[in-house]
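Just below is one structure, and these are the notes that go with it.
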Amino acid sequence: MDQQRKHTILMVSDFFYPNFGGVESHIYYLSQCLLKLGHKVVVMTHSYGKRTGVRYVTNGLKVYYVPWRAFLMQNTLPTFYLTLPIIRTILIRERISIVHGHQAFSTLCHEALMHARTMGYKVVFTDHSLYGFADVGSIHMNKVLQFTLADISQAICVSHTSKENTVLRSGITPDRVFVVPNAVDTAMFTPSTCRLSCDEIVIVVISRLVYRKGADLLVEVIPEVCHLFSNVRFIVGGDGPKRVRLEEMREKHSLQDRVEMLGAVPHARVRSVLISGHIFLNSSLTEAFCIAILEAASCGLLTVSTRVGGVPEVLPDDMVVLSEPDPGDMVHAIRKAIVMLPSIDPYAMHQRMKKLYSWHDVAKRTEIVYDRALQSSDENLLRRLPRYLKCGSWAGKMFCLVMIVNFLLWCLLDLWQPVESIEEVPDLVFIRNEHEDVVHDSI
Amino acid sequence: MEPSKWKKVAYGGMQPGYNDNYTDESFLEEMVMNANVVKRGMPKVMLDSVSITQYVCIVSLVVSVWAHTLSLHIDEISLLKLDIALLALGFSVLLLTARQLSIQLLSHYLLNISFFISGLYVLAPIYYTLTRSISSDSIVALTVSLLIIHLFLHDYSGSTIRPPGALKNPNLASNISLNASIVASVLVASRLPSRLHVFTIMLFSLQVFLFAPLITFCIKKYSNKVHLFFSFALMSMALSVVYQLHSMLFTLLLGLLFFISVVCPYWLIRIQEYKFEINGSWDEAKLCFDITE
């Protein structure tokens, strides 16, 4: 078998370090594992405060913090054509072969994919969230997604439920969508070295305290559980608009010594909060894929979660107790989990998680998607335009117009700043590792 | 060896024998289409549109009274008599259609009405000189646009002033429409020659705009047949009054009523076929309890 081709990948999204979240950690870990497999990865995102320009993070991952400010909810202002020059320069400088965009909510991702497609590069898109169909925001978002996915090489979704949702929203054929789930860094989330005693059961909740994450369900469930089980204690980490309701609930039922509110927990301290508990409670009302559950399972906690979205697919049945998003049912599930607790071995659970989820596996599967994307044929503008016409009777024609103008602007840029005048970046080779090897050899 | 069955799970890496883009037969099995859609029939929709045509006729009656007053065909004493007659009619409808007659409710209403009337009488001199420096054309244009906003945003199924037994709270759009109608009344009132004129026309306009929805809501709640009879009587009255005013406005009103009663229901039923409501496991869960803040 001849050697696998090495790709040069550009990851584009509005969401990256120094922010912490599902999409951010996905991009970071995937890039690191792809670097280990021998590919070259470059990340492009907007500037965060004073952090602009080119930075290098671990293992030589190059990040372009393009000098655009975040405009609304971490997103840059959609300008359609103003991002074309900078994206073209990055694509030519770094000799990119594939552009990989993340998250449907990110305007930078959609613009980058549009420009990459105009310039003839292969594009891949990963969708990380579930969206509805009925409200005004979702309808517009789905139309934008339909535009981006009309002419894409391949798409990736993080769970099977997410695949169904994406296929319905965008009208893409199902066999172009690959299901490659997220994973968890099991080396960072290890169970605690000493087993916790089962006299007092600690239930941990770490989430943003917003409506979407089910903070209202928590307000109903916590007093009920504290009333039914006298040896149960809660630790609630995270902040948000619903924190006030939780504090009120605490005051009303006098649970100050049984419910501990930690406030916002920085990402580095999440593990230490998790290992102080026996059970992890997740009450979200909608999740495409819940990484928090994986982190908890990797630390050896038994999970109790609501059966929404992609959550039933994430863990095997003996590591999670599912319930309907209803307070009575959740209390019942917590009771079941408390009964199951003595038979849970955190260390065994952690070892099992190492086999079930691994970022290296995710990187290999993503590599297969890239290989498939590169096999698709090159097409010129005229062959691609009919795909946009299918998006709708008015929208289709408008999208075609947008792509034609983009193409013309690209030709103009080609004349004004020819490809030869853009300097290509040489490959950076780290000699630090070799030096260490030399030191080892000499000993 | 028999290949293992494909499972809808995300753990365990790539499932042996299946690619990541494998689409199983159970794909989209749990999707539910058009679960909450109500099938509508033409006669029912036409009958329901009577609420809208009834209110349009009420507004056209108010506008014709304004036109007659501005051209000084009606003097202030007859307007005052009209106001008192309308008040008495409104109260009698309320009393007749109320399920339980309570003296407390009645005295509550009477107290509010007397406060309202005295307040209006005290404020009338202010309205009298409000728009003296503005030309009549601007006033007419502004009044017409405000009335159009009022008709568009009006809450035809309920009443902005909450009657006892109303289901939902007034929302932003119905409040905006009420304000638009009040401002239109003030603009028209400020064009009149004497303070008593201003007081009586303001009282008339506000009585209709604030309390007519309440009265029609009570009638509708009481009996559907009385509601239909009342609406047809109003429509014929409005059409005859407008006919005497101006023949072009009459044809306009007739066309509008036909459009609302016949064309719009037919159109609605035609485009209902395109309704495609999708529900599935990806939907955000709905909380089954109310959040009390």
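Chain letters run A, B, ... following the sequence lines, proteins first and then strands; every chain starts at 1.
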Exercise for review: Spell out the residues in residues 297-319 of chain A that have some non-hydrogen atom less than 4.5 Å away from a non-hydrogen atom of chain B, in order of number; otherwise answer 'none'.
Suggested key: A:Val308, A:Gly309, A:Glu313, A:Val314, A:Leu315, A:Pro316
Check your understanding: At their closest point, which heavy atom of A:Glu164 faces which heavy atom of B:Ser26, and how far apart are they?
Key -> OE2-O, 4.1 Å
Review point. How long is the span from the CG atom in A:Leu130 to the CD atom in B:Glu284, to the nearest 0.5 Å?
Key: 10.0 Å
Exercise for review: Compare every heavy atom of A:Pro181 with every heavy atom of B:Ala10, then report the nearest pair and how far apart it is.
Suggested key: O-CG, 3.2 Å
Review point. Side chain of A:His160, backbone of B:Val9: donor and acceptor closer than 3.5 Å?
Key: yes
**Study point:** Close side-chain approach of A:Ile368 to B:Asn19, heavy-atom, < 4.5 Å
**Key:** no
Practice item. Quick one: which of A:Ser358, A:Pro325, A:Ser284, A:Pro174 has the most heavy-atom pairs under 4.5 Å with chain B, could you say? Key: A:Pro174
Exercise for review: Have a look at B:Asp20 and tell me which of A:Arg365, A:Gln154, A:Lys163 forms a side chain to side chain donor-acceptor pair (under 3.5 Å) with it.
Suggested key: A:Arg365
Exercise for review: Sort out for me which of A:Asn182, A:Leu217, A:Val219 touches chain B most, counting heavy-atom pairs under 4.5 Å.
Suggested key: A:Leu217
Study note, to complete from the structure: B:Trp267 meets the side-chain contact (heavy atoms from CB on, under 4.5 Å) criterion, sequence neighbours left out, with B:Ile271
Practice item. Using a cut-off of 6.0 Å, state whether more than 12 heavy atoms not belonging to B:Tyr156 lie near its atom OH. Key: yes
Practice item. Kindly indicate whether the side chain of A:Tyr211, heavy atoms from C-beta on, has any atom under 4.5 Å from the side chain of B:Leu287. Key: yes
Check your understanding: Is a side-chain N or O of B:Asn21 found less than 3.5 angstrom from the main chain of A:Asp175, in a donor-acceptor match?
Key -> yes
Point to revise | A:Leu168 versus chain B, the contacting section by heavy-atom distance below 4.5 Å | key: side chain
Review point. Near B:Tyr18 OH, under 6.0 Å, is it more than 12 heavy atoms from other residues, nucleotides or ligands?
Key: yes
Point to revise | Considering all heavy atoms, the nearest A:Tyr131-B:Trp282 contact | key: O-CD1, 4.3 Å
Check your understanding: If you count the non-hydrogen atoms of other residues, nucleotides and ligands that lie under 6.0 Å from CZ in A:Arg208, is the total more than 12?
Key -> no
Check your understanding: Got more than 12 heavy atoms from elsewhere within 6.0 Å of NZ, A:Lys364?
Key -> no
Check your understanding: Side chain, backbone, both or neither: which part of B:Asp24 has an atom under 4.5 Å from a heavy atom of chain A?
Key -> neither
Practice item. Could you tell me which portion of B:Tyr22 (side chain, backbone, both or neither) has an atom closer than 4.5 angstrom to a non-hydrogen atom of chain A? Key: backbone
Check your understanding: What do you reckon, is CE of B:Met33 surrounded by more than 12 foreign heavy atoms closer than 6.0 Å?
Key -> no
Practice item. Name the region of A:Val180, side chain, backbone, both or neither, that has any atom closer than 4.5 Å to a heavy atom of chain B. Key: side chain
Exercise for review: Name the member of A:Val362, A:Leu285, A:Thr286 that forms the most heavy-atom pairs with chain B at distances under 4.5 Å.
Suggested key: A:Leu285
**Study point:** Option that, when pairs with chain B are counted at under 4.5 Å, heavy atom only, ranks first among A:Asn165, A:Val167, A:Val244, A:Asp361
**Key:** A:Asn165
